[in-house]
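In what follows, a structure is listed as C-alpha cells, so that the remarks can point back to it.
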Amino acid sequence: MLKTTYNPKEVEEKIYKKWLPYLKVEKQKGKEYFIALMAPPNVTGSLHMGHALQNILLDILLRYKRMIGYKIVWLPGLDHAGIATQNVVEKELKKEGLTRFDLGREKFIKRVWQWKEKYGGIILEQFKRLGISPDWTRIKFTMDKKYVDWVEKAFIEYYKKGWVYRDYRAINYCPRCRTSLSDLEIEYEQKECYLYYIKYPLKDTKEYLIVATTRPETMLGDSALAVNPNDQRYQKYWGQIAILPIVNRELLIITDQRVNPKFGTGVLKVTPAHSILDYEIGKRHNLEIIKVIDENAKIINVKDFEGLDYLSAREKILNILKEKSLLEKEEKIIHNVPYCYRCHTEIQVIPSQEWFLKMSELAKYAKQAVKKKSVYIFPKRFKKIYFDWLKNIRDWCLSRKIWWGQQLPVWYCKNCENSYVVSRKAPKQKCKKCKKIKWYRTEEVFDTWFSSALWPFAILYTKKEKEWYPADVVFTARDIINLWIARMIFSGIFFMKKPPFKLVYVHPTVLTKEGKRMSKSLGTGIDPLDLIEKYGADALRFGLTWQTTFLQDLRFDETNIENGLKFANKVYNAVRFYLIRYPQMKKRDGFSTQDKKIIKAFNATLKSMKKNIESLRFSEALKKFYKFFWHQFCDIYIESCKEKTNNNPEVLKMVIVNSLKILHPFMPFLTEYLWKEIGCKNLLMLEEWPQEI
RNA sequence: GGGCGGUUAGCUCAGUGGUUAGAGCGCUUCCUUCACAAGGAAGAGACCACAGGUUCAAAUCCUGUACCGCCCACCA
C-alpha cells in the first residue's frame with residue numbers, strides 16, 4: 001500500500017540504478033540512431049542551473065525520441081578546461097606556499113592529473129542526479145590519448161594547408177594566468193576612467209598635436225601618430241615629425257583609414273606593441289614594435305621607468321607631463337576595459353610569439369553552412385550573433401603559455417631562435433640554421449576551445465562510434481555560440497566534410513528572480529542540488545521546463561519547482577486512487593459520457609504534446625499535460641468515478657497507463673516508480689510512446 | 001554608434017489581427033471520514049510601458065519615445 005505522500009528521495013537513486021544498464025547505446029531497441037551532443041562540462045566545474053536546464057531539456061527530447069523508436073546516442077564527457085583547471089590547482093598549491101614554477105612543468109601536470117582523478121568526476125555524478133540518460137559507459141575526456149591525437153592531427157592538417165603560422169604580434173595577455181588569450185576569452189566591463197589629452201610637440205616648431213588616451217603609460221612605446229586621411233583638420237601635418245614627450249623619440253605623422261576622427265582629437269598615438277588596432281596600423285606602415293610592458297604588466301626597456309607597475313608608471317608619466325605643461329586636460333569618460341574571462345584580471349596587450357590559425361576560409365565554411373541551412377540555429381535570431389562574429393573575424397591565436405592542455409606538436413631548435421618543425425614525433429632532420437639536430441618540444445599548449453571545436457568527431461574512438469557523425473542536435477547556451485558552436489561547425493566541415501550537427505537549440509540563460517546573473521562569487525547562485533534535495537529531481541525538471549521560453553533569459557522562480565513537487569504528488573495520488581478503486585469498479589462494455597470526454601481530451605493532449613516536443617516547445621507540452629491531467633482528469637473524471645457512475649474502469653486504467661508514458665520524458669523518476677506500482681514489469685523508459693486511445 | 005530581445009495581474013510568464021486578455025504562485029471566502037490540505041469549490045486582482053498611426057476590429061501590425069538586458073563596432 002502506497003503512503004499518501006510522494007517522497008522523491010526514497011525512489012530516485014534506486015530508479016537511476018535500474019536505468020543504468022539500459023543507457024548503453026547497444027542496449028536500446030530502436031532501429032535508427034538519434035544522436036545528440038553533450039556540452040562537456042569543465043572538469044573543475046560543479047553543477048549549476050545552466051547545466052541543469054540544458055541537460056534536462058535535451059533529456060526530455062531524447063527520452064521522447066527513445067520512446068518513439070530511436071536508438072539514442074548521447075555521449076557524456078569532460079573538458080580539461082586548460083586555464084580554469086590550472087588556476088584551481090595553482091590555488092591549491094598556493095595554500096602550501098608553492099607556485100607552479102616551484103614544481104616545474106612535469107610535476108605540476110602530474111599534480112593536475114591527480115586532481116582530476118580525485119575531483120574530476122564529481123560534476124558527472126551530479127549530472128546523474130538530474131535523471132538524464134546518456135551512455136555512461138562512454139565518458140570522453142579532451143585529454144584522452146585518442147582525443148589528443150586528434151588535436152595534434154588537426155593542427156598539423158591546418159599547418160599543411162598553410163593556415164597555421166607563427167607570428168610576433170600584439171595579443172591579449174592575462175598577467176595573472178600568464179598566457180595569451182583569444183578575443184573571445186576577454187570580457188569588457190564598463191568603467192569610469194579618465195581620457196587624458198596629451199600634447200605632442202612638432203619638431204622644429206612651437207606647434208603641437210593633442211592626442212587623447214586612456215592609457216598614457218603606453219606612450220613609451222609609441223612609434224607614430226596617425227590621423228584619418230579624410231580628416232581635413234590635420235591634412236597639413238601629414239608627413240611631419242612629432243616629438244614623443246619624455247622619451248624624445250621622433251614620430252612620423254601618418255594617415256590610416258582606421259583612425260576614428262570622432263574619438264578624442266582625432267589624432268591617434270600608434271603603439272604597435274600594446275594595442276591590437278595599432279599593431280594592424282603599424283604593420284601596414286612598417287612601424288617598429290616597441291615593447292615597453294612585459295608579461296608582469298611592468299614597464300621594461302625604458303630608462304627611469306624600468307620595473308614600474310603599469311599603474312605607477314601612468315602616475316609618474318602624468319606628473320611629468322603636468323610639470324612640463326604637456327597635459328592639456330583630463331576628461332571623465334565611461335569606457336570598456338578588458339578583463340580575463342577566467343580570473344577577471346585586467347588584460348594587457350603585449351607583443352608575443354604565438355601560433356595563429358588563418359580564419360578567412362574557415363569562416364566562409366561556417367557562414368555557408370548556416371546560410372544554406374545545413375545547420376539550423378534556433379531560435380533563428382541567434383544567427384545574428386554568429387554572423388557578426390564571422391564577419392569581423394580575426395585570425396585565431398591558438399597557443400597558450402600555460403602548462404595544462406594538449407601540447408603543440410611543434411619543436412624548436414635549442415641553438416637557433418625562430419627555427420622550428422611541426423611534427424608529432426621528434427624531428428630527425430637538421431636545423432636549417434645551425435645544421436644540428438637539437439630539437440625540443442614546445443611547452444606551449446592549445447587553446448582549450450581548439451580542442452572543444454573537434455568534440456563532435458574526436459570523441460568517436462571506435463569503428464562503430466565513428467558512424468555517429470554527424471549528430472542531430474546540440475543544445476547550448478548563447479554565450480558559447482561563437483566560442484564553441486561556430487568553431488565546431490567549421491572544424492567539422494574541414495575535417496569530416498560535413499557539419500557536425502543539424503540543429504543548434506539555444507536555450508535561455510538562467511538568471512535570478514530579480515534578473516541578476518547567477519554567480520557563486522556574488523552569492524546569487526542557486527545550487528540545483530539543493531533544489532533536488534528539497535523537492536526532488538522531477539520537481540526541478542518540471543519547474544525549469546515550465547519556465548523555459550524562447551527568450552534570451554529565464555528568471556528563475558522557485559515556486560515553479562515547488563509546484564513540480566505538488567504535481568508529482570497529484571499524479572502519485574491519482575495512481576493511488578486507481579489502485580484502490582479500479583478493482584472495485586464494475587466491468588462493463590461501452591463508454592459513459594465522461595469516458596468519451598476524457599478519451600477525447602487525452603487524445604488531444606497526446607497530439608499536442610507530440611507536436612510541441614518536436615518543435616522544442618517543451619514548456620508548452622508540459623503545460624498541456626498538466627492542465628489535462630490535473631483539471632480534466634483529476635478534477636472532473638476521477639471525481640465522476642466517485643459518484644454513482646457507469647464509467648468504464650478500463651478507461652480509467654488506459655488514461656493512467658498512457659499518462660505515465662507521456663509524462664515520462666518530463667518526470668522520469670516518478671513515472672518509472674509508479675509504472676512498477678501499477679504492475680508493469682518492464683522499464684517505462686523503454687516503452688513505446690502511445691497511440692491515440 | 002549599429003543591431004537584437006523584453007516591458008501584460010503583487011511575483012514569474014502565456015497570449016503571434018477577431019467574443020467578457022489567460023496560467024502557476026500569492027491573496028480573500030468557504031469545504032477536512034471516503035486518492036491527494038502538497039487537496040477541492042468560489043472569488044478579487046490588468047486603462048496589456050508611453051505617444052501617435054493602419055484597420056470594421058490592435059496586447060498582437062507600423063512609426064517614434066523611455067527604461068531593462070544582450071550582441072557587434074576603428075571602445076586609442
Side-chain angles (χ1 to χ4, degrees), chain A residues 2-7 188-191 193 195-196 198 211-216 218-219 222 225-226 228 256-271 274-278 280-281 333-338 349 379-392 478-479 481-482 508-509 511-517 535 539 542-543 546-582 617 619-620 623-624 626-627 630-631 634-635 638-639 641-642 656:
Chain A
L2 294 175
K3 291 182 225 164
T4 59
T5 309
Y6 176 60
N7 184 353
Y188 289 96
E189 199 175 293
Q190 291 211 325
K191 275 264 161 94
C193 61
L195 186 59
Y196 301 96
I198 300 167
V211 174
T213 179
T214 54
R215 301 218 33 202
T218 63
M219 71 190 285
D222 286 356
L225 292 183
N228 190 294
D256 196 284
Q257 282 294 347
R258 298 205 41 197
V259 179
N260 178 5
K262 284 177 193 150
F263 187 93
T265 58
V267 184
L268 171 70
K269 60 188 233 18
V270 187
T271 323
H274 300 292
S275 151
I276 308 244
L277 169 67
D278 295 14
E280 284 165 15
I281 294 175
I333 59 159
I334 306 270
H335 98 140
N336 291 327
V337 181
V349 172
K380 64 175 188 291
R381 81 189 116 88
F382 289 111
K383 280 196 275 192
K384 184 97 169 78
I385 294 176
Y386 179 84
F387 287 126
D388 270 352
W389 182 62
L390 291 170
K391 198 172 85 193
N392 306 300
R478 71 170 187 284
D479 55 351
I481 291 175
N482 295 327
T509 303
L511 302 180
T512 66
K513 200 174 177 184
E514 291 72 36
K516 294 263 157 60
R517 236 191 152 69
Y535 304 104
F542 177 102
W546 186 272
Q547 274 206 277
T548 297
T549 64
F550 292 140
L551 302 178
Q552 64 179 12
D553 299 319
L554 176 167
R555 291 188 177 201
F556 177 74
D557 187 348
E558 192 171 327
T559 62
N560 291 310
I561 312 292
E562 206 181 320
N563 208 32
L565 177 57
K566 285 184 186 173
F567 186 58
N569 195 52
K570 190 74 184 174
V571 174
Y572 175 90
N573 274 292
V575 169
R576 281 188 68 217
F577 177 86
Y578 158 74
L579 289 171
I580 296 164
R581 289 302 188 93
Y582 175 77
R617 276 180 247 270
S619 170
E620 203 63 25
K623 283 172 180 166
K624 280 271 161 32
Y626 177 90
K627 201 168 179 182
W630 197 310
H631 298 299
C634 292
D635 289 350
I638 284 189
E639 288 306 317
C641 290
K642 291 179 184 172
I656 288 283

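So you know, we letter chains A, B, ... as the sequences are listed, proteins then strands, and number each from 1.
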Are A:L268 and A:I281 packed together at the side-chain level, in the sense that at least one heavy-atom pair is separated by less than 4.5 angstrom?
yes
Measure from CZ on A:R576 to C1' on B:A38 and round the result to the nearest Å.
13 Å
Give me the distance, rounded to whole Å, that separates B:G1 from B:G64 when you measure between the P atoms they each carry.
16 Å
Using a cut-off of less than 4.0 Å, is there contact between a side-chain N or O of A:R555 and OP1 or OP2 of B:U12?
yes
Spatial distance of atom OH (A:Y196) from atom CD1 (A:I333) [nearest 0.5 Å]:
10.0 Å
Suppose you measure atom P in B:C61 against the same atom in B:A44; what distance do you get, rounded to whole Å?
30 Å
Rounded to whole angstrom units, what separation is found between the CD atom of A:E620 and the C1' atom of B:G24?
14 Å
Reckon A:E562 touches a base, only the sugar-phosphate, or nothing at all at heavy-atom distances under 4.0 Å?
nothing
Between B:C4 atom P and A:F387 atom CZ, what is the distance in whole Å?
15 Å
Under 3.5 Å on both distances, the Watson-Crick or G-U partner of B:G17:
none
Would you call A:E639-A:K642 a salt bridge at under 4.0 Å N-O?
yes
Can you tell me the pairing partner of B:A23 across any strand shown, Watson-Crick or G-U wobble, with both distances under 3.5 angstrom?
B:U12
Value in whole Å for how far the P atom of B:C25 lies from OH of A:Y535:
13 Å
Can you tell me the distance, in whole Å, between the CZ atom of A:F550 and the C1' atom of B:U16?
13 Å
Assign a letter to each nucleotide of nucleotides 28-34 of chain B from its 5' end: B, base within under 4.0 Å of a protein heavy atom; S, sugar-phosphate only; -, no contact.
------S
Interatomic distance at P, B:U16 relative to B:U54, whole Å:
24 Å
Considering Watson-Crick and G-U wobble pairs with both distances under 3.5 Å, what does B:C70 pair with?
B:G3
Remember a base hit wins even if backbone is also touched, and classify A:H631 as base, sugar-phosphate or nothing at under 4.0 Å, heavy atoms.
sugar-phosphate
B:G10 and B:U55, which share atom name C1', separated by this distance in whole Å:
35 Å
Using Watson-Crick or G-U wobble geometry with both distances below 3.5 Å, tell me the partner of B:C61, or none.
B:G53
Euclidean distance for P, B:U7 against B:C48 (whole angstrom):
14 Å
If I pick the P atom on B:U63 and the same atom on B:G39, what distance separates them, to the nearest angstrom?
46 Å
Can you find a pair of side-chain heavy atoms, one from A:M219 and one from A:I198, that are under 4.5 Å apart?
yes
For residues A:I561 and A:L565, determine if any side-chain heavy atom of one lies less than 4.5 Å from a side-chain heavy atom of the other.
no
Counting just side-chain N and O atoms, does A:K570 come under 4.0 Å of either OP1 or OP2 of B:G40?
yes
Would you check if A:Y386 and A:N482 make a side-chain contact, meaning some heavy-atom pair closer than 4.5 Å?
yes
Nearest to the A:L551 side chain among B:G26, B:G5, B:A35, which nucleotide is it?
B:G5
How is A:T5 classified with respect to the nucleic acid when contacts are heavy atoms under 4.0 Å: base, sugar-phosphate, or nothing?
base
Minimum side-chain heavy-atom gap A:R478-A:D553 below 4.5 Å:
yes
Whole angstrom value for the distance that separates P of B:A38 from OH of A:Y6
17 Å
Rounding to an integer number of Å, can you tell me how far A:W630 CH2 sits from B:C25 C1'?
12 Å
Test ring pair (Phe, Tyr, Trp, His ring centres under 6.0 Å) applied to A:F567 and A:F542, A:W546, A:Y6, A:Y535, the passing residue
A:F542
If I take atom CG in residue A:L554 and atom P in nucleotide B:C68, what distance separates them, rounded to the nearest angstrom?
22 Å
So A:D635, base contact, sugar-phosphate only, or nothing? Heavy-atom distance under 4.0 Å.
sugar-phosphate
Would you mind classifying the nucleic acid contact of A:N569 as base, sugar-phosphate or nothing, using non-hydrogen atoms under 4.0 angstrom?
base
For nucleotides 69-76 of chain B, just jot down a letter per nucleotide in 5' to 3' order: B, S or -, based on protein non-hydrogen atoms under 4.0 Å.
BSSSSBBB
Remember a base hit wins even if backbone is also touched, and classify A:K513 as base, sugar-phosphate or nothing at under 4.0 Å, heavy atoms.
sugar-phosphate
When both hydrogen-bonding distances must be under 3.5 Å and the geometry is Watson-Crick or G-U wobble, what is B:A46 paired with, if anything?
none
Look at the side chain of A:N228 and the backbone N and O of A:N260, then say whether any donor-acceptor pair between them is shorter than 3.5 Å.
no
Enclosure of A:R517 CZ (heavy-atom neighbours >12, cutoff 6.0 Å)
no
Distance check, C1' atoms only: B:U20 and B:C25, in whole angstrom units.
25 Å
Pair assignment for B:C30, Watson-Crick or G-U wobble, requiring both distances under 3.5 Å:
B:G40
For A:R576 versus A:K3, what's the shortest heavy-atom pair and its separation?
CD-O, 3.3 Å
Between B:G3 and B:U8, how many Å separate the two C1' atoms, rounded to a whole number?
26 Å
Are any non-hydrogen side-chain atoms of A:Y626 and A:N563 less than 4.5 angstrom apart?
yes
